[in-house]
Amino acid sequence: MTRTARELLETITRELAPDPRSNPLVPLIARGEAGRDTLAALALEQSWVIPADRRAFQHLADRSADQPRAAAYFTALAEGEDLAAARLDAFAAACGVDRERAAYDPLPGCQAYPAYVAWLALNAAPADAVLSVTANFSAWGGYCATIAEALRTHYGFTDEACGFFDFFAEPAPGLDRTAAEAVQDGLDTGLLDESLARGYGHLLQSYEALFWRTLLRPV
């Protein structure tokens with residue numbers, strides 16, 4: 001029996017659900033045990049990640065000109081990164097840092113994730129990228145919801161300072177629907193390679209885990 005795009009997305013999202021032990025930092029934040037210097041590093045690393053991902057998603061949208069639903073999906077992601085960037089300043093300020101601080105040297109282990117997203121933008125078929133990126137977002141959204149709650153409960157951050165994480169934690173049914181439509185198009189046209197998309201998703205999850213581990217123990 002042929003699976004629908006939504007069934008495929010649900011299956012791969014379950015497969016890629018991270019081992020709780022792969023991210024030791026978010027539980028520390030959830031308990032209020034992470035230092036503010038670590039939160040500051042998170043803000044500064046995100047100041048590099050967000051614009052890189054925005055450009056990668058825009059490039060994927062441009063490459064998807066003959067696949068309008070994939071193009072719509074990546075355009076929405078790029079626009080979302082712009083909205084997230086506008087909320088990042090308040091979080092950085094609450095951590096006591098300027099996210100544009102030129103002296104900050106980003107950590108290689110944190111920047112491996114956006115570097116791989118950029119690789120996907122250059123090399124992956126758009127339908128494969130839709131599937132792998134969408135499956136990865138589930139874990140990221142959960143992390144952001146946990147962090148937003150902890151920042152309010154344990155660190156006394158304002159709603160404005162938590163807005164960056166609130167944005168990613170919020171359900172996005174419209175984006176989910178667009179992703180499913182793009183994946184369905186890929187299935188219908190034979191442009192989606194499940195095996196490759198799975199491999200891309202596994203690497204994304206590995207780099208996601210590396211991001212959090214690096215913040216906890218910078219090298």
Side-chain angles (χ1 to χ4, degrees), residues 13 16-54 57 77-117 133 135-173 175-176 204-219:
T13 298
L16 297 180
D19 184 327
R21 296 169 296 180
S22 70
N23 184 344
L25 178 55
V26 168
L28 283 181
I29 298 174
R31 298 194 298 269
E33 296 174 5
R36 288 190 177 243
D37 57 337
T38 300
L39 296 179
L42 173 57
L44 291 167
E45 292 294 335
Q46 284 297 327
S47 75
W48 285 70
V49 173
I50 295 298
D53 282 356
R54 184 195 63 76
F57 293 142
L77 291 187
E79 292 171 349
E81 297 296 335
D82 281 332
L83 294 173
R87 291 162 170 76
L88 186 55
D89 285 333
F91 173 58
C95 295
V97 298
D98 176 357
R99 76 178 181 91
E100 301 295 344
R101 191 173 66 181
Y104 181 74
D105 293 322
L107 300 168
C110 289
Q111 296 307 311
Y113 179 93
Y116 186 63
V117 174
V133 168
N136 176 255
F137 280 160
S138 177
W140 167 244
Y143 294 151
C144 286
T146 298
I147 292 171
E149 181 179 357
L151 292 178
R152 291 179 168 92
T153 302
H154 299 296
Y155 297 90
F157 281 25
T158 65
D159 288 343
E160 183 183 13
C162 297
F164 175 81
F165 299 100
D166 289 336
F167 174 74
F168 286 111
E170 292 173 356
L175 187 62
D176 291 342
L204 279 172
Q205 287 289 51
S206 296
Y207 290 131
E208 171 93 23
L210 178 61
F211 177 93
W212 297 105
R213 292 198 305 270
T214 300
L215 278 175
L216 185 60
R217 301 182 183 85
V219 293

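For reference, positions follow the sequence shown, starting with 1.
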Any residue meeting side-chain hydrogen bond (donor to acceptor under 3.5 Å, both in side chains) with Asp166, in chain and number order, not counting sequence neighbours: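 With neighbours one apart ignored, the set is Arg152.
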Could you report the tightest heavy-atom contact between [X] and [Y], atom names first, then the distance?
{"X": "Tyr143", "Y": "Pro18", "value": "OH-CG, 3.4 Å"}
{"X": "Ala94", "Y": "Ala161", "value": "CB-CB, 3.7 Å"}
{"X": "Gly163", "Y": "Arg87", "value": "O-CD, 3.5 Å"}

Non-hydrogen side-chain atoms of [X] and [Y] separated by less than 4.5 Å:
{"X": "Phe168", "Y": "Leu83", "result": "no"}
{"X": "Pro106", "Y": "Leu44", "result": "no"}
{"X": "Leu77", "Y": "Val133", "result": "yes"}
{"X": "Val117", "Y": "Leu204", "result": "yes"}
{"X": "Cys95", "Y": "Phe157", "result": "yes"}
{"X": "Pro51", "Y": "Glu81", "result": "no"}

Between the side chain of [X] and the main-chain N/O of [Y], is any donor-acceptor distance below 3.5 Å?
{"X": "Arg36", "Y": "Tyr155", "answer": "yes"}
{"X": "Ser22", "Y": "Asp19", "answer": "yes"}
{"X": "Gln205", "Y": "Leu16", "answer": "yes"}
{"X": "Gln46", "Y": "Leu88", "answer": "no"}

Residues in salt bridge (Lys or Arg N to Asp or Glu O under 4.0 Å) contact with Asp82, at least two apart in sequence or another chain: Arg54
Steps toward side chain to side chain contact (heavy atoms under 4.5 Å, CB included) verdict (Val26, Ile147): CA-CA 7 Å; Val26 168; Ile147 292 171; 4.2 Å; yes
Glu160 atom CD, over 12 foreign heavy atoms within 6.0 Å: no
Worked check of side chain to side chain contact (heavy atoms under 4.5 Å, CB included) between Thr13 and Phe137: CA-CA 9 Å; Thr13 298; Phe137 280 160; over 6 Å; no
How many angstroms lie between [atom1] in [X] and [atom2] in [Y], if you round to the nearest 0.5 Å?
{"X": "Leu42", "Y": "Ile29", "atom1": "CG", "atom2": "CD1", "value": "6.0 Å"}
{"X": "Glu149", "Y": "Cys162", "atom1": "CD", "atom2": "SG", "value": "10.5 Å"}
{"X": "Glu170", "Y": "Leu175", "atom1": "CD", "atom2": "CG", "value": "12.5 Å"}
{"X": "Leu25", "Y": "Leu215", "atom1": "CG", "atom2": "CG", "value": "6.0 Å"}
{"X": "Leu210", "Y": "Asn23", "atom1": "CG", "atom2": "CG", "value": "11.0 Å"}
{"X": "Leu151", "Y": "Phe165", "atom1": "CG", "atom2": "CZ", "value": "6.0 Å"}

Asn136 side chain to Tyr207 side chain, donor-acceptor N/O pair below 3.5 angstrom: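 Checked: Asn136/Tyr207 side chains show no N/O donor-acceptor pair below 3.5 Å.
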Geometric class of the Phe164/Phe91 ring pair [parallel <30°, tilted 30-60°, perpendicular >60°]: parallel
Tyr104 ring center near Trp48 ring center (under 6.0 Å):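 They do not qualify: ring centres at least 6.0 Å apart.
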